[in-house]
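A short worksheet on the structure shown next.
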Amino acid sequence: MKIFESHHLFNYPWEQVSAANWKKYPNEMSTQVVGVDILRREVDPVSKILRTERLITCEQSIPNWLSFIVGGLKRSYVREVSEVDPINKSVVMRSMNLTMNSLLQVYEVVTYTPDPSAPTARTKFTQEAQITAYASIKKLCNKVEEWGIDRFDFNAKRGKIGFESVLKNVSENWESVKGAVMEEIEVKVGVLDEVTEKVRHGVFKFD
Amino acid sequence: MGNIMSTSFAPECTEAKKKYDDCFNSWYTDKFLAGKSMQNECTELWYDYKACVDAALVKRGMVKMVDEARKDAPFETGGIPQDNSDATNEK
């Protein structure tokens, strides 16, 4: 996990910064943000905190090696929950990517508070992000495992149907080929064990 | 502000979003920050916009993705991930 941090002072009072924050996108520097939607918004009657859930839509070209994995997916989504406390004057925004999160998880916390040395004139901005690659190796393993199971199930079903016809064929001249069939079955079981072993190996190698 | 339009992820909702956003931004500055009103006054515009967004999420098959994130980091607790302490406490 990598932690990214940044701090900044804005020469504007907190009220203005917090209001501008809602109008941050679109801006010419953040062209990757193509949409901002509000999913839920409530004011807590007791604490007076305004809580907002947003969906942020990004479009950004991704490196070739990554598009190889994710299949050229250009659009990504981020969910953000923010809290504005008008009494204590703070804005806290927490966000996490919704897409590609089995490969890379980005959890970001942004705060805006009045600068203690000039509380009516300046606003302190802090940004902290935890970036975890393969945050959820388990999710990826589950995917591989599911694929493995599906494929195994598919092969097993086909194998059974195939074997059914072999059996039908064979039973018609059972006596004559009894020995050969027993050999055939032993070979098939052996192959099956080998396949099972390989699937297991392939899956658990990720752990 | 507002000379460039902030768009919705679903183009069909951008118009409704703009109307709601304009209403919200005025309410935020004039009422909420001033402590004059804790009641969101843009209810009607909000419901129009929200209905559009909800339908768009369904249409684009995004509901499950959003719901899973909601389970991991609930709205009620400010979006703090359940399996993780806040970034500020992690160091």
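In what follows, chains carry the letters A, B, and so on, assigned in the order in which the sequence lines appear, proteins first and then strands, with residues in each chain numbered from 1. What you are looking at is a predicted structure, and each value in this text was computed from that prediction instead of being measured.
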- Query: Hey, are the side chains of A/Asn21 and B/Tyr28 touching, using non-hydrogen atoms and a 4.5 Å cut-off?
  - Reply: no

- Query: Given the rule in the side chain to side chain contact (heavy atoms under 4.5 Å, CB included) test, do B/Tyr20 and A/Arg41 qualify, once you have shown the distances and angles that lead to the verdict?
  - Reply: CA-CA 12 Å; B/Tyr20 167 72; A/Arg41 182 169 262 158; 2.8 Å; yes

- What residue, out of B/Asp21, B/Val53, B/Asn25, B/Thr29, has the most heavy-atom pairs lying under 4.5 Å from chain A?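 Among the listed options, the one with the most contacts to chain A is B/Asn25.
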
- Message: Looking at chain A, which one of B/Met65, B/Arg70, B/Met62, B/Lys50 has the largest number of heavy-atom pairs inside 4.5 Å, strictly under?
- Response: B/Arg70

- Hey, is A/Arg79 close enough to B/Glu68 for a salt bridge, meaning N to O under 4.0 Å? no

For the residue pair [X] and [Y], what are the closest heavy atoms and their distance?
X       : Y       : answer
A/Pro86 : B/Phe32 : CG-CZ, 3.5 Å
A/Glu42 : B/Phe75 : OE1-CE2, 3.7 Å
A/Asp37 : B/Ser8  : OD1-OG, 2.7 Å
A/Val43 : B/Trp27 : CG2-CH2, 3.9 Å

Can you tell me how far the [atom1] atom of [X] sits from the [atom2] atom of [Y], to the nearest 0.5 Å?
X       : Y        : atom1 : atom2 : answer
B/Asp72 : A/Tyr107 : CG    : OH    : 12.0 Å
A/Leu55 : B/Phe9   : CG    : CZ    : 6.0 Å
B/Thr77 : A/Glu83  : OG1   : CD    : 8.5 Å
B/Trp46 : A/Arg40  : CH2   : CZ    : 9.5 Å
A/Leu50 : B/Phe24  : CG    : CZ    : 5.0 Å
A/Lys24 : B/Ser6   : NZ    : OG    : 12.5 Å

Between [options], which residue shows the highest count of heavy-atom pairs closer than 4.5 Å to chain B?
options                            : answer
A/Lys48, A/Gln16, A/Glu15          : A/Lys48
A/Leu98, A/Asp44, A/Ile49, A/Thr52 : A/Leu98
A/Val34, A/Ile38, A/Val33          : A/Ile38

With only heavy atoms counted, which part of [X] is less than 4.5 Å from chain B, the side chain, the backbone, both or neither?
X       : answer
A/Ile56 : neither
A/Ser18 : both
A/Val84 : both
A/Leu39 : both

- Message: A quick test of your reading: do over 12 heavy atoms of other residues, nucleotides or ligands sit less than 6.0 Å from CD of B/Glu12?
- Response: yes

- Message: Please check: side-chain N/O of B/Lys17 versus main-chain N/O of A/Val36, any donor-acceptor pairing under 3.5 Å?
- Response: yes

